[in-house]
Amino acid sequence: MAAAMTDMTRLEDIIKDCGAVSVSGDRSVAINSVTCDSRKIGPGCMFIAVKGFSSDGHRYIGDAVAAGAAAIVYEDSEAAAPFIGAAGAPAFVKVSSSRHAEAVIASNFYGKPSEKLTLVGITGTNGKTTTVTLLYRMFTAMGYSCGLLSTIANYVGTKRYEAVNTTSDPITINSLLAEMADAGCEYCFMEVSSIGVQQERIAGLRFKAGIFSNLTHDHLDYHKTFAEYLRCKKLFFDNLPEDAYAITNIDDRNGMVMVQNTKAHVVTYSCRSMADHTARVMEESFEGMMLKVDGRETWTNLIGMHNAYNILAVYTTAIVLGAGQEEALVAISSLRSAPGRLENLRGPRGISVVIDYAHTPDALENVLKTLREIAPERTLICMFGCGGDRDRTKRPEMGKIAGQMADRIIVTSDNSRTEDTRMIMDEIMEGMDSAGKSRSLLIEDREQAIRTAIMTAPDNATILLAGKGHEDYQIIGTEKRHFDEKEIVEATFSNM
């Protein structure tokens, strides 16, 4: 998948600054690969035993020894004790935190690749994927070789790799960064999730700039409280080095909170007030927006106030990294949005189907508001569901927003995972008042819901399919099924 090291690396070199408490065995032993996946262990490998949520890597120390691992990193002394010092045993490295050690070791093993690139990270609830994708496309258009680490896909130059998480594991991240550096990439633009920060997946990386977009309701199934969610986002900026830039949206009430303890140089952007860089929406239609950015008018193919913020974040970052204003604005005018972000499909009878990844209350409200403002005379239909095994508290909130802002609502499935789809739908409906409920349909099968939305829509209606965006699958139970909303929409249009 990603770049692999070909040169042997000594144990003592790759455990520097990883929080090692003690080392048993040969410090100079050669390491040819690092992994925290017990299925990938082989001779010369370093196995890092990480305590996960569903499995504890310490359970596989014996397997690692049997497979010929050259070194084992651990934090649980009781689990490692039976194997330390035995005949033919590998080196054992005790650390204070296996998660932190994994990230630092991965960086060391791959030659600290983040220091060979201009690495830019963005965190926030909404807008991360769009912003990093636009930055990648913008700097590529300006003639630079770039890398991208995002929810949708990872890119090394133009070479595409599938993405699994918003923020990948440290070994994957550093492997890809090393491949970017080897390929001559100058920049890498990366999504940074709160979970990725909390799990120290970005420890050991050196960022040149960090961007804050916004902070709204999400991931409380994991973080439990909004305060903890905010703390994890803020840690990203707290840890930026002095020669980095902390770029923040001061229109968000937490914009200045994020950077209050950063050592980095703070740069602000705003669409409502005075800031280092500003933008205003002058005109808007389904085809795009006319923006005034730092006093200069420019056209963008993107729509919506939330995309005005995304564009301004991209512009601000480009200026901070040394681009000229004219160069940046020209590049912005040719940019297209990321896949599954306000993708507009035109159909018969003047119907427009808009596919968007909106899966939080704030994102859903932003998209519905945008579609209403652009075409207030059109019937607005909103079809959405909520993911299972995820934050349940946002379900009634999203139901309330849809009930207040859409003319018709279809509540359906998303990635229900191991939860009962009907129960999720019922929890969404709890947020609606009687008027919203009277305009709602509940259709459990998402494909049927899409077809129903289109076939029953009046002429010139706008239909929002929210929640899936770029995803081409649906997870029901533990099964991941192919499910591409664009395919379903286009097939439905062809039969009308």
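Here, residue 1 is the first one in the sequence, and each next residue gets the next number.
Across all their heavy atoms, Leu312 and Ser270 have their closest contact at CD2-O, 3.3 Å. Of all heavy-atom pairs between Ser273 and Asp251, the closest is OG-OD1, 3.6 Å. In terms of heavy atoms, Asn174 sits closest to Ala103 at ND2-O, 4.1 Å. Contact record, Ile443 with Thr412: O-OG1, 2.7 Å, taken as the closest heavy-atom pair. A pairwise comparison of heavy atoms in Ser213 and Tyr269 identifies CA-OH, 3.6 Å as the closest pair. Taking both residues in full, the closest heavy atoms of Ile351 and Ala457 are given as CD1-CB, 4.0 Å, listed atom of the first, atom of the second, then distance.
A distance-only check finds a donor-acceptor pair linking the side chain of Ser438 to the backbone of Ala435 [under 3.5 Å]. A donor-acceptor pair is defined here as one N or O able to donate and one able to accept, closer than 3.5 Å; no such pair exists between the side chain of Glu75 and the backbone of Val95. Although no hydrogens or angles enter the test, the distance criterion places no donor-acceptor pair under 3.5 Å between the side chain of Ser107 and the main chain of Val104. Checking side-chain atoms of Lys233 against main-chain N and O of Gly124 turns up a donor-acceptor pair under 3.5 Å. For Asn254 (side chain) and Val257 (main-chain N/O), no donor-acceptor pair under 3.5 Å exists by modelled atom type. Between the side chain of Asn301 and the backbone N or O of Leu335 there is at least one donor-acceptor pair closer than 3.5 Å. Between the side chain of Ser352 and the backbone N or O of Arg346 there is no donor-acceptor pair closer than 3.5 Å. The backbone N or O of Thr151 lies less than 3.5 Å from a partner atom in the side chain of Glu191, making a donor-acceptor pair. Remark: side-chain polar atoms of Thr125 are paired, donor with acceptor, to backbone N or O of Thr216 under 3.5 angstrom. Using a distance-only test at 3.5 Å, with no hydrogens or angles considered, a donor-acceptor pair links the side chain of Asp356 to the main chain of Leu342.
Between Thr456 and Arg408, some side-chain heavy-atom pair lies under the 4.5 Å cut-off. By the 4.5 Å heavy-atom criterion applied to side chains, Leu134 and Ile311 are counted as neighbours. Counting only heavy atoms from C-beta outward, the side chains of Val353 and Leu465 approach each other to under 4.5 Å. When side chains are defined from C-beta on, Ser96 does not count as touching His100, because their heavy atoms never get closer than 4.5 Å. With a 4.5 Å cut-off on side-chain heavy atoms, Met258 and Leu215 count as touching. Here the side chains of Val266 and Ile247 are not in contact, with every heavy-atom distance at 4.5 Å or above. With a 4.5 Å cut-off on side-chain heavy atoms, Phe286 and Arg378 count as touching. You'll find the side chain of Cys386 stays beyond 4.5 Å of the side chain of Asp414, heavy atoms only.
Counting non-hydrogen atoms of neighbouring residues, nucleotides and ligands closer than 6.0 angstrom, the CE atom of Met496 exceeds 12 such neighbours. Residue-environment remark: NZ (Lys369) stays at or below the threshold of 12 foreign heavy atoms within 6.0 Å. Heavy atoms of other residues, nucleotides or ligands lying less than 6.0 angstrom from CZ of Arg417 number more than 12. A 6.0 Å sphere centred on NZ of Lys263 holds more than 12 heavy atoms belonging to other residues, nucleotides or ligands.
Asp362 and Asn126 share a side-chain donor-acceptor pair at under 3.5 Å. Checked by atom type, the side-chain pair Ser416/Ser413 shows no donor-acceptor distance below 3.5 Å. A side-chain N or O of Arg341 and one of Thr129 form a donor-acceptor pair less than 3.5 Å apart. Residues Ser337 and Glu343 have side chains that never bring a donor and an acceptor to within less than 3.5 angstrom of each other. Inspection of the Asn310 and Asn307 side chains reveals an N or O donor paired with an N or O acceptor under 3.5 Å. For the residue pair Thr379/Asp407, the side-chain donor-acceptor check at 3.5 Å is not satisfied. A donor atom on one side chain and an acceptor atom on the other are not found under 3.5 Å apart for Ser114 and Arg206.
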Show, in sequence, the C-alpha distance, side-chain angles and deciding distance for Arg446 and Glu485, and conclude whether the salt bridge (charged side-chain N to carboxylate O under 4.0 Å, His left out) test is met. CA-CA 9 Å; Arg446 193 173 179 101; Glu485 293 194 326; 2.6 Å; yes
Test Thr316 against Asp276 for side-chain hydrogen bond (donor to acceptor under 3.5 Å, both in side chains), laying out the working first. CA-CA 9 Å; Thr316 300; Asp276 294 320; over 6 Å; no
Between Glu479 and Ile475, is the side chain to side chain contact (heavy atoms under 4.5 Å, CB included) condition met? List the steps. CA-CA 6 Å; Glu479 182 185 355; Ile475 304 172; over 6 Å; no
The test is side chain to side chain contact (heavy atoms under 4.5 Å, CB included); show your working for Ile171 and Glu102 and say whether it passes. CA-CA 7 Å; Ile171 296 171; Glu102 180 191 5; 3.8 Å; yes
Working note: Asp63 + Ser38, criterion side-chain hydrogen bond (donor to acceptor under 3.5 Å, both in side chains); need CA distance, chi angles, decisive distance, verdict. CA-CA 7 Å; Asp63 293 341; Ser38 61; 5.3 Å; no
Hey, mind stepping through Ile488 and Phe483 against side chain to side chain contact (heavy atoms under 4.5 Å, CB included) and telling me if it holds? CA-CA 8 Å; Ile488 297 168; Phe483 190 91; 3.6 Å; yes
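The distance between the ring centers of Tyr136 and Tyr155 falls below 6.0 angstrom. Taking the six-membered ring for Trp and the full ring otherwise, the centers of His482 and Tyr473 sit at least 6.0 Å from each other. Under the 6.0 Å cut-off for aromatic ring centres, Phe139 and Phe189 qualify, their centroids lying closer than that.
The pair Arg39-Asp37 counts as a salt bridge, with a side-chain nitrogen and a carboxylate oxygen less than 4.0 angstrom apart. The pair Asp459-Arg349 meets the salt-bridge criterion, since a charged nitrogen lies less than 4.0 angstrom from a carboxylate oxygen. Between Glu490 and Lys486 there is no salt bridge, since no side-chain N of the basic residue sits under 4.0 Å from a carboxylate O of the acidic one. Salt bridge annotation for Glu430-Lys400: absent, with no cationic side-chain nitrogen under 4.0 angstrom from a carboxylate oxygen. Salt bridge present: Glu471 and Lys468 bring a charged side-chain N and a carboxylate O closer than 4.0 Å. The pair Arg160-Glu162 meets the salt-bridge criterion, with a side-chain N (NZ, NE, NH1 or NH2) lying under 4.0 Å from an Asp/Glu carboxylate O.
Remark: Lys234 fails to qualify as a cation-pi partner of Tyr229 under the 6.0 Å distance and 45° angle criteria applied to the six-membered ring.
Partners of Phe236 under the ring pair (Phe, Tyr, Trp, His ring centres under 6.0 Å) rule, at least two apart in sequence or in another chain, are Phe207.
Between Val489 and the options Asp484, Ile454, Ile463, a side chain to side chain contact (heavy atoms under 4.5 Å, CB included) holds for only Ile454. Put simply, the residue from Leu149, Asn154, Leu148 that forms a side chain to side chain contact (heavy atoms under 4.5 Å, CB included) with Met180 is Leu149.
Taking OH from Tyr187 and CG from Leu321, the interatomic distance works out to 5.5 Å, rounded to the nearest 0.5 Å.
Aromatic ring orientation, His359 versus Tyr357: tilted (interplanar angle from 30° to 60°). Between Phe237 and Phe212, the ring planes lie perpendicular to each other; the angle is over 60°, past the 30° to 60° tilted range.
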